[in-house]
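When reading the values below, keep in mind they use all heavy atoms of this one structure, side chains included, and skip hydrogens, waters and symmetry mates. Just so it is clear, the structure is predicted and the values come from calculations on it, not from any experiment. Indexing begins at 1, ligand by ligand and atom by atom, following the structure's order.
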Amino acid sequence: MKSSHIPAFYDPGMSLDQEKWQGYTQTPAKPKLMMEYLERKNLMEYFRIKDDWPPYDRDDFYIAHTREMVDNFFDRGKTSRILNMQWSPEYAESVRYENASLYYAIRHAVLHPDEVCFSPSAAFHHANPTRGALFCAFSGQVIASMKVYNEFGACGAYIDLDGHYGNSIDNSRDFVPDIDRAISPVCGNINIMASHQKYLDELKANLEILKKEIMEDRVHYIVFCHGADSHEWDELASQLSTEEWVECSRIVYTFVRDLESSIGRQIPLILSLFGGYRRDDYNSVLSLHTTDLVTCLNILCGHNISYTTEVKPRTTKLKSDSVFPNLSNL
Ligand SMILES: [Zn+2]
């Protein structure tokens, strides 16, 4: 059993105010919107805010990206067109905080495996070494895991249940030395490209592989990223009904609980948000993430919290083709 409270690695610097940018996605405001939603639902009593960590500096981004790309971003406000984000000094600053949040959450979980750590971050898994893409300015997973590997020798695995394939880790394999030691080459980037029951079956099959790697001490921590855009009413993806989406959370947390019980030790577990796109009702996105967090609190942290998922049917059209035009080429 995990500790009753979840440390949340949240600093207001992670978010842009919504009026500070123009663009399709609400992702730059997501950390703040998420924490405000939890507050509105009287759920903050189960979290402990951790804000005693600094943002990344320039050298951290060089870990997973070319100097040219990083310097263009921070010094010249130059981004790739496919990033789909309007650059501003405030946006650049928020990126430094958002990326650091994931690292400090993983670091804390490795040091305190009895505590599930929460990073309310989202925009990491589409960047590659030379460019940002699809709302993701940098490869946050790769940077965080390389730093944790360099510090502790720990190897991680990401369960990435976003609606889109997370290409950052795969695209960094040739660029980042030692990445295979920092993120498992066997099961370090679990993504499920299926729908409904087949999705659930493939998730379970992947967890069996992960189980073996953990039991044989080749994977030392798990980062679970339950993107809300794998939900069928999301604007940019659609794979799972509400019940199926929540079932994925149950499957993952039950997997962790049972595995910890069978091996007799705690497995560091970190939660991150990833995608979710509902311009008609952003509360649907926040409610799915909240359901995931409550499922974790109930299965792993000894609570019995009652929370009703509030997801409304989408009233806008699917936008995948126009917003994510080159996804298959990443
Ligand atoms: Zn996505």
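- Minimum-distance N/O/S atom of D162 relative to the Zn ion (ligand 1): OD1.
- Metal site remark for the Zn ion (ligand 1): H164 contributes an N, O or S atom at a distance under 2.8 Å.
- A donor-acceptor contact shorter than 3.5 Å links the side chain of T254 to the backbone of R250.
- The closest approach of D229 to the Zn ion (ligand 1), by N/O/S atoms, is made by OD2.
- In terms of the side chain to side chain donor-acceptor pair (under 3.5 Å) criterion, Y10 has no residue partners (sequence neighbours excluded).
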(Q) Using side chain to side chain contact (heavy atoms under 4.5 Å, CB included), reason through I190 and Y158 one step at a time and then give a plain yes or no. (A) CA-CA 6 Å; I190 295 172; Y158 289 80; over 6 Å; no

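- With sequence neighbours excluded, the residues forming a salt bridge (Lys or Arg N to Asp or Glu O under 4.0 Å) with K198 are E202, listed by chain and number.
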